[in-house]
Asks: 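My questions all concern the structure below.
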Amino acid sequence: VELARAQVLLAQSYLYPYGNLVVGASRSRISGVGSTPLPAGTPLVSHNLSVGIELGYELDLWGKYRSGTLAARNELAASRYFRESVRAAVASDVASAYFRLRAADAELRLLEDTLKSREDTVRLQRDRFDGGVIGEYDLRQAEAERSAVVANIARARQGVGLLEGALATLAGRPPREVYAPIVARAGPSGPILSVPELPADLPSGLMERRPDIRRAEALLAASELRVQQARAAYYPSISLTAAYGSESAALADLFTSPASVWRFGAALLQPLIGLKGIEANVQSSEAIRDQAIVGYRQTVQTAFREVHDALVVHRTAREILVAESARRDQLASALEVANLRYDAGRTSFLEVL
């Protein structure tokens, strides 16, 4: 953004006259011997002192500098929109990583509770094996299921650690805290039984507020202005110059009225030899503009795809949550029935586990 702002100031500087302070001093000697004799008393050594101000201004008849300034301003806007895109991406990544971390915490707690149940199952099966009720296959099967839960716990802890490191990096913490991250949780997380509702019939005009689309629009506008700027080089440029100052042989006479000098002029410059170079520059600018057109289309397509995918995920997440909630209630009912059957002596405690 700072670089783009400096480019705007540079482009604007061509719209205004420029001025230079010129101070000069010289001493010269001419030869006393020549084909033309010098008058008697002519000094061979002369001094020249000068002080003046030079002004210049190029008339922007064809909009070369105006187009460049507008292009630089659009590029500045694109840089600002890109900064907003980065901020939005970082905020999105932080939120996503945090919620995944909370989900990983909940899964880890669930697996730890499951491990207790699997250990109870292994103890019960070992007692039954020692009593000759079951064979070794059933015992080893129960032990394998317990080992699977132990492996899942290790994977869950790995996921928690990776997510904590990602969050520490996204938060810009120093390397020591990234190596040993400590991520605070906002209190114990209970079950989330609802998905946020989205308003119906959201207008597609909301897409225009996305910073990535606005950045692509600004770059497209800037590239079109760069083409106009390049084409303006075909036309003649008219420059106005002026100078005012003093010039004398002695310092004492430098600022006296007779020593004042001035100059005013105009010049027209029409390129003749470098037309191929101008044509190449125009073609290059047009190619960049065509790239910007394709980039704009791709940005819009990507934005609509991301919104579409987000809506699909939102809708299916609601369906998954409803189904899993129903499954949880059904399993709770099954557990209740298993406890009743066990209390009545009609089944073993293995079914309860």
Side-chain angles (χ1 to χ4, degrees), residues 88-89 91-125 141-167 170 181 183-204 206 303-353:
S92 174
D93 290 344
V94 169
S96 177
Y98 179 76
F99 283 113
R100 281 185 289 158
L101 176 61
R102 300 307 299 267
D105 290 337
E107 183 178 3
L108 180 58
R109 289 192 296 269
L110 177 63
L111 288 171
E112 290 173 346
D113 293 338
T114 304
L115 180 60
K116 297 177 182 178
S117 175
R118 294 293 185 270
E119 290 175 345
D120 292 339
T121 301
V122 169
R123 283 193 293 268
L124 178 59
Q125 292 293 68
Q141 188 70 26
E143 292 174 344
E145 292 178 358
R146 180 187 61 184
S147 298
V149 175
V150 173
N152 289 333
I153 289 177
R155 294 190 186 96
R157 288 174 177 168
Q158 180 189 62
V160 169
L162 294 176
L163 288 169
E164 288 178 336
L167 278 170
L170 288 170
V183 179
R185 274 69 158 175
S189 59
I192 300 177
L193 303 180
S194 63
V195 175
E197 293 282 352
L198 288 179
D201 300 327
L202 290 175
S204 60
L206 289 175
F304 273 88
R305 180 185 60 81
E306 290 176 350
V307 172
H308 167 268
D309 294 348
L311 292 176
V312 170
V313 171
H314 179 267
R315 182 180 66 253
T316 54
R318 295 176 62 86
E319 296 172 355
I320 293 172
L321 184 59
V322 170
E324 290 288 355
S325 299
R327 178 170 175 264
R328 178 203 59 205
D329 296 339
Q330 292 161 1
L331 289 175
S333 299
L335 175 60
E336 184 178 356
V337 173
N339 278 315
L340 292 175
R341 287 164 56 86
Y342 174 73
D343 292 339
R346 300 184 59 183
T347 184
S348 67
F349 191 65
L350 183 61
E351 181 177 295
V352 176
L353 292 175

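What's counted below: heavy atoms across the whole structure, side chains too, no hydrogens, waters or symmetry copies. Bear in mind the structure is a predicted one, so any value in this text is a computation, not a measurement.
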Asks: Provide the full list of side-chain hydrogen bond (donor to acceptor under 3.5 Å, both in side chains) pairs with a residue in residues 148-160, sequence neighbours left out, each pair given once.
Replies: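 Sorted result for residues 148-160: N152-R155.
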Asks: Excluding sequence neighbours, so at least two apart, what forms salt bridge (Lys or Arg N to Asp or Glu O under 4.0 Å) with R100?
Replies: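 R100: no salt bridge (Lys or Arg N to Asp or Glu O under 4.0 Å) contacts found.
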Asks: Compare every heavy atom of V313 with every heavy atom of T316, then report the nearest pair and how far apart it is.
Replies: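 That would be OG1-O, 3.1 Å.
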Asks: Can you tell if the side chain of V183 reaches within under 4.5 Å of the side chain of R185, non-hydrogen atoms only?
Replies: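 SC-SC contact between V183 and R185 confirmed.
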Asks: Show the atom names and distances, to 0.1 Å, of all donor-acceptor pairs under 3.5 Å that link a side chain in residues 142-149 to residues at least two apart or in another chain.
Replies:
from : atom 1 : to   : atom 2 : distance (Å)
E143 : OE1    : R140 : NH1    : 2.9
E143 : OE2    : R126 : NH2    : 3.1
E143 : OE2    : R140 : NH1    : 3.2
S147 : OG     : E143 : O      : 3.1

Asks: Can you name the salt bridge (Lys or Arg N to Asp or Glu O under 4.0 Å) partners of E351, sequence neighbours left out?
Replies: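 Partners of E351 by the salt bridge (Lys or Arg N to Asp or Glu O under 4.0 Å) criterion, ordered by chain and then number, come out as R341.
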Asks: Quick check: closest heavy atoms across E164 and L101, and the distance to 0.1 Å?
Replies: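 Where E164 meets L101 most closely, the heavy atoms are CG-CD1, 4.0 Å.
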Asks: Taking all non-hydrogen atoms of both residues into account, name the closest pair between L163 and A97 and its distance.
Replies: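 Distance-wise, the nearest heavy atoms are CD2-O, 4.2 Å.
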Asks: State the CD1-CD distance between I153 and E107, to the nearest 0.5 angstrom.
Replies: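 Separation between the atoms: 10.5 Å.
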Asks: Are the charged groups of R327 and E324 less than 4.0 angstrom apart, N to O?
Replies: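 Yes, charged N to carboxylate O under 4.0 Å.
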Asks: Show your working on side-chain contact (heavy atoms from CB on, under 4.5 Å) between R118 and V122 and close with a plain yes or no.
Replies: CA-CA 6 Å; R118 294 293 185 270; V122 169; 5.5 Å; no
Asks: Is the shortest side-chain N to carboxylate O distance from R305 to D309 below 4.0 Å?
Replies: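 Salt bridge between R305 and D309, a charged N being under 4.0 Å from a carboxylate O: yes.
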Asks: Can you name the nearest heavy-atom pair linking G165 to P181, along with the distance?
Replies: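 It is N-CG, 3.8 Å.
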Asks: State the CD1-CZ distance between I320 and R318, to the nearest 0.5 angstrom.
Replies: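 Reported to 0.5 Å precision, the distance equals 12.5 Å.
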Asks: Compare every heavy atom of V352 with every heavy atom of Y342, then report the nearest pair and how far apart it is.
Replies: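 The answer is CB-CG2, 3.7 Å.
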Asks: Applying ring-ring contact (aromatic ring centres under 6.0 Å, His included) as the test, list every pair that has at least one member in residues 311-341; sequence neighbours left out.
Replies: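 For residues 311-341, and leaving out neighbouring residues, there are no ring-ring contact (aromatic ring centres under 6.0 Å, His included) pairs at all.
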Asks: Kindly compute the distance separating CG (L108) from CD (E112), expressed to the nearest 0.5 Å.
Replies: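 Reported value, rounded in 0.5 Å steps: 4.0 Å.
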Asks: CG/D120 to CG/L353 distance, rounded to the nearest 0.5 angstrom?
Replies: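 Rounded to the nearest 0.5 Å, the CG-CG separation comes to 5.5 Å.
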Asks: Of all residues at least two apart in sequence or in a different chain, which pass the side chain to side chain donor-acceptor pair (under 3.5 Å) check with R346?
Replies: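 Residues passing side chain to side chain donor-acceptor pair (under 3.5 Å) with R346: none at all.
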Asks: Where the side chain of S333 meets the backbone of D329, is there a donor-acceptor pair that is under 3.5 Å apart?
Replies: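 Pair found, side chain donor or acceptor close to backbone of D329.
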